[in-house]
Amino acid sequence: MEVMATGGIDKLDMIMLDYPGPDEESIRGQWRAFEEMRASGQVDSLAVSNFSPSQLDVILNMPGGVTTKPTVNQLPFSLANHPPGLLEYNRDRGIHVQSWSPLSR
């Protein structure tokens with residue numbers, strides 16, 4: 001990535017796909033690009049943000065298989081906002097949930 005070279009950055013610890021995209025093909029294309037970045041050594045781990053279980057399934061069930069599954073799914077999650085089964089869904093797939101806005105009402 002040109003911007004990394006400009007900033008003198010050789011490698012990222014993690015890169016996060018913040019928006020799932022408008023459809024399954026978009027999600028697959030974005031995830032393949034992330035996998036290419038990881039394979040080239042530009043990034044250590046891959047993550048997503050605001051992905052629903054069905055959107056995660058698009059990645060986890062990609063034709064030809066997925067090389068790297070998301071390490072983290074960053075979600076709006078708090079005592080007041082905790083959809084049933086969401087933690088378990090991610091945990092069962094080895095994906096850590098990271099909360100954004102954990103103190104919200």
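Worth knowing before you read on, the calculation uses all heavy atoms, side chains too, and leaves out hydrogens, waters and symmetry mates.
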Open item on the list: Going by the rule side chain to side chain contact (heavy atoms under 4.5 Å, CB included), which residues pair with E36 if we only count those two or more places apart in sequence or in a different chain?
Closed with: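 So E36 forms no side chain to side chain contact (heavy atoms under 4.5 Å, CB included) with any residue.
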Evaluate the side-chain proximity of [Y] to [X]: yes if any heavy-atom separation is below 4.5 Å, no if none is.
X   : Y   : result
N90 : P53 : no
V48 : L56 : yes
E24 : Q55 : no
L86 : L75 : yes
I59 : F51 : yes
E88 : R93 : no
Y89 : D57 : yes

TODO: Starting at OG of S45, measure out to CZ of R38 and round the result to the nearest 0.5 Å.
DONE: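 So the gap between those two atoms works out to 8.0 Å.
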Task: Non-hydrogen atoms of G21 and S26 that approach each other most closely - done: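 That would be CA-OG, 3.8 Å.
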TODO: Could you pull out the closest heavy-atom pair between R32 and V66, with the gap in Å?
DONE: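 Here R32 and V66 meet closest at NH1-CA, 4.3 Å.
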Expected list for residues 8-20: side-chain donor-acceptor pairs under 3.5 angstrom, two or more places apart:
unit_1, atom_1, unit_2, atom_2, d
K11, NZ, D44, OD1, 2.8
D18, OD1, S49, OG, 3.3

TODO: Spell out, yes or no, whether W31 and V72 are grouped together once hydrophobic residues are joined by side-chain heavy atoms under 4.5 Å, including indirect joins.
DONE: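 As far as the 4.5 Å side-chain criterion goes, V72 and W31 are not connected within one cluster.
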Open item on the list: Under the criterion side chain to side chain contact (heavy atoms under 4.5 Å, CB included), I'd like the reasoning laid out for V58 against R28: C-alpha separation, chi angles, the key distance, then a yes or no.
Closed with: CA-CA 7 Å; V58 172; R28 286 187 202 101; 3.9 Å; yes
Task: K69, E35, M37 screened by side chain to side chain contact (heavy atoms under 4.5 Å, CB included) with L46, the one that passes - done: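 Option passing the side chain to side chain contact (heavy atoms under 4.5 Å, CB included) with L46: E35.
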Open item on the list: Could you work out, with side chain to side chain donor-acceptor pair (under 3.5 Å) as the rule, every residue matching R91, not counting sequence neighbours?
Closed with: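 Partners of R91 by the side chain to side chain donor-acceptor pair (under 3.5 Å) criterion come out as none, since no residue qualifies.
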